[in-house]
Every structure is written in C-alpha cells, then in structure tokens.
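Because only heavy atoms are used, hydrogens play no part in the values below, and waters and symmetry mates are left out as well, while side chains stay in. Since the structure is predicted, the reported quantities are computational estimates derived from the model, not experimental observations.
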Amino acid sequence: RRRTIIVNWPPLASAEPAFGELHSLAIAFTNLAWKGYRGARAARRARADANLVAFVKAALSQYAAEATFTKPVGELEVEVASVDLFPPPAGATQSARADLCAA
C-alpha cells in the first residue's frame, strides 16, 4: 500500500498553458518509506526532508529535459522508497563490497 501526496497548481491566468507544462505532481511513498519517515526523530527526519527535496528536484529537472510537448499540460508521479529518504552512509556500500571480496 502506498501513501501519496498530490500537488496541483493552476496555470497562470494571464497565459495559455504551454505544451508540456507541468500542472500536477504526485509523490508516492512505499509503505516502508512512509513508516520510516513517520517514525524518524527530528534530526533524521530533517535529513530525509533534504533528501526528498533533492529527489523531487531531480525528477522535475528530468521531466523538463524530457518534456514531449505533445499535450498542453503534464502530470508527474515520483515514487519514493526508503533508500531515497534514508540512503546508506557514503562508505557503507564500498566497505560491504570489500568485505565480500575478501571472503
């Protein structure tokens, strides 16, 4: 089961919607990501917030770069897993890989 936050914004009243213009963003959290976020303490939640903002910004940048311009308005759905909010420490992956190679 997923938890979803949907953000909608109206087009500018003074202008016609541009082709490929984004008007809706859905952020879908996996159950584990939602539980981890809700149960996190303040410092860990603040880091998760920063990671979420960066993740959504990257998705919006990619949408802008790949916009097809074939329909007047667009929708974007971003799926967020717990690893997106709480990535392992930078050296964790490398040290685990080194341990496996040494064994």
Side-chain angles (χ1 to χ4, degrees):
R1 195 169 146 192
R2 298 178 193 267
R3 309 284 188 211
T4 304
I5 298 171
I6 299 175
V7 181
N8 294 303
W9 53 90
L12 297 173
S14 63
E16 289 289 321
F19 283 98
E21 180 181 331
L22 190 63
H23 74 89
S24 160
L25 171 67
I27 305 170
F29 294 83
T30 62
N31 194 35
L32 185 59
W34 188 259
K35 283 183 178 181
Y37 179 79
R38 300 257 315 173
R41 294 190 176 180
R44 188 164 187 210
R45 187 180 285 193
R47 286 192 306 272
D49 287 341
N51 291 335
L52 179 60
V53 167
F55 190 73
V56 170
K57 280 184 177 181
L60 289 170
S61 293
Q62 185 171 352
Y63 176 88
E66 296 176 358
T68 61
F69 304 107
T70 58
K71 51 186 177 177
V73 291
E75 299 174 352
L76 176 63
E77 181 173 332
V78 177
E79 185 174 316
V80 179
S82 60
V83 72
D84 300 320
L85 297 177
F86 308 107
T93 306
Q94 292 176 351
S95 65
R97 191 176 298 141
D99 292 341
L100 287 173
C101 291

**Prompt:** Is L52 reachable from V83 through a run of hydrophobic residues whose side-chain heavy atoms are each under 4.5 Å from the next?
**Reply:** no

**Prompt:** Do F29 and I5 come within less than 4.5 Å of each other through their side chains, counting heavy atoms only?
**Reply:** yes

**Fill in**
Residues A33 and S82: closest non-hydrogen pair is CB-N, 3.4 Å

**Complete:** Residues passing the side chain to side chain contact (heavy atoms under 4.5 Å, CB included) test with A26, sequence neighbours excluded, are T4, I6, E77

**Prompt:** Does some side-chain heavy atom of V78 sit less than 4.5 Å from a side-chain heavy atom of L25?
**Reply:** yes

**Fill in**
Residues passing the side chain to side chain contact (heavy atoms under 4.5 Å, CB included) test with D49, sequence neighbours excluded, are Y37, R45

**Request:** Drop me the distance from D84's CG to N51's CG, to the nearest 0.5 angstrom.
**Result:** 8.5 Å

